[in-house]
Amino acid sequence: AALPGRLAVRLMRLTLAILFALGFMLIDLPLTLYAYVWDMLVDSMDPGGFSPLLAWHEFLHAGGRLGVGVVMALVAGRIESRISKRVTTRKRGDA
């Protein structure tokens with residue numbers, strides 16, 4: 001089966017996806033580790049309290065990472081299409 005799009009388009013989308021994934025991972029990993037430590041502290045000090053960090057952690061555990069991944073893929077596709085349109089417009093203007 002053939003992949004959609006030209007090779008340059010696929011490489012640009014792959015590059016954007018990798019950059020977004022690495023950026024998200026650099027934010028998610030430390031926050032997740034911090035949330036585990038914070039959860040132990042909150043459970044011992046204030047068991048009924050609310051913490052935005054723990055709410056975010058629960059969101060990610062309940063499938064939020066998949067949602068964030070889908071949103072990042074859509075944004076990467078949108079950015080790539082805008083870049084491709086600009087490149088195509090410039091090439092037509094030069095000809």
Side-chain angles (χ1 to χ4, degrees):
L3 292 173
R6 297 182 316 265
L7 180 62
V9 171
R10 287 182 284 174
L11 288 175
M12 190 181 308
R13 286 183 182 172
L14 178 65
T15 302
L16 287 170
I18 288 171
L19 289 174
F20 280 137
L22 286 174
F24 181 69
M25 189 175 67
L26 287 174
I27 293 169
D28 183 45
L29 283 175
L31 282 178
T32 299
L33 294 174
Y34 183 60
Y36 281 121
V37 173
W38 186 250
D39 186 32
M40 289 185 280
L41 181 68
V42 167
D43 278 345
S44 64
M45 298 293 195
D46 187 17
F50 174 76
S51 171
L53 176 65
L54 294 179
W56 176 251
H57 180 68
E58 288 298 319
F59 165 72
L60 291 179
H61 258 224
R65 284 185 181 91
L66 177 63
V68 171
V70 168
V71 168
M72 286 191 300
L74 292 173
V75 169
R78 179 73 57 139
I79 290 172
E80 181 277 323
S81 66
R82 287 186 181 182
I83 290 172
S84 293
K85 285 179 186 176
R86 286 184 185 172
V87 169
T88 304
T89 305
R90 287 184 184 164
K91 284 183 182 178
R92 288 183 187 167
D94 291 341

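In plain terms, the two heavy atoms of Asp28 and Arg65 that are nearest each other are OD2-NE, 2.9 Å. The heavy-atom pair separating Ala76 from Ala17 by the smallest distance is CB-N, 4.4 Å. Scanning both residues, Val9 and Ser84, for their nearest heavy atoms gives CG2-OG, 4.4 Å.
With a 4.5 Å cut-off on side-chain heavy atoms, Val37 and Leu41 do not count as touching. Side-chain contact check for Leu31 versus Trp38: every heavy-atom pair is 4.5 Å or farther apart. The closest side-chain heavy-atom distance from Met40 to Asp43 is not below 4.5 Å.
For Arg78, the CZ atom sits in a loose shell: 12 or fewer heavy atoms of surrounding residues, nucleotides or ligands are nearer than 6.0 Å.
The CE atom of Met25 sits 11.0 Å away from the CD1 atom of Ile18 when rounded to the nearest 0.5 Å. A distance of 8.5 Å separates CG of Leu53 from OG1 of Thr32, quoted to the nearest 0.5 Å. Here Leu14 contributes atom CG and Leu7 contributes atom CG; the two are 10.5 Å apart, rounded to the nearest 0.5 Å. Summarising the geometry, atom CD belonging to Glu80 is positioned 5.5 Å from atom CE belonging to Met12; distances are rounded to the nearest 0.5 Å.
Met72 and Leu19 fall into different hydrophobic clusters, where Ile, Leu, Val, Met, Phe, Trp and Tyr side chains are chained together by heavy-atom contacts under 4.5 Å. Val42 and Met45 fall within a single hydrophobic cluster, where Ile, Leu, Val, Met, Phe, Trp and Tyr side chains are chained together by heavy-atom contacts under 4.5 Å. Linking Ile, Leu, Val, Met, Phe, Trp and Tyr residues whenever their side-chain heavy atoms come within less than 4.5 Å leaves Leu74 and Leu22 in two separate clusters. Following chains of ILVMFWY side-chain contacts shorter than 4.5 Å, one cannot reach Leu66 starting from Phe59, and the two form parts of different hydrophobic clusters.
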Inset, instruction - Could you please spell out the steps behind the side-chain contact (heavy atoms from CB on, under 4.5 Å) verdict for Ile79 and Phe20? - result: CA-CA 12 Å; Ile79 290 172; Phe20 280 137; 3.9 Å; yes
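A centroid separation of less than 6.0 Å is found between the aromatic rings of Tyr36 and His57.
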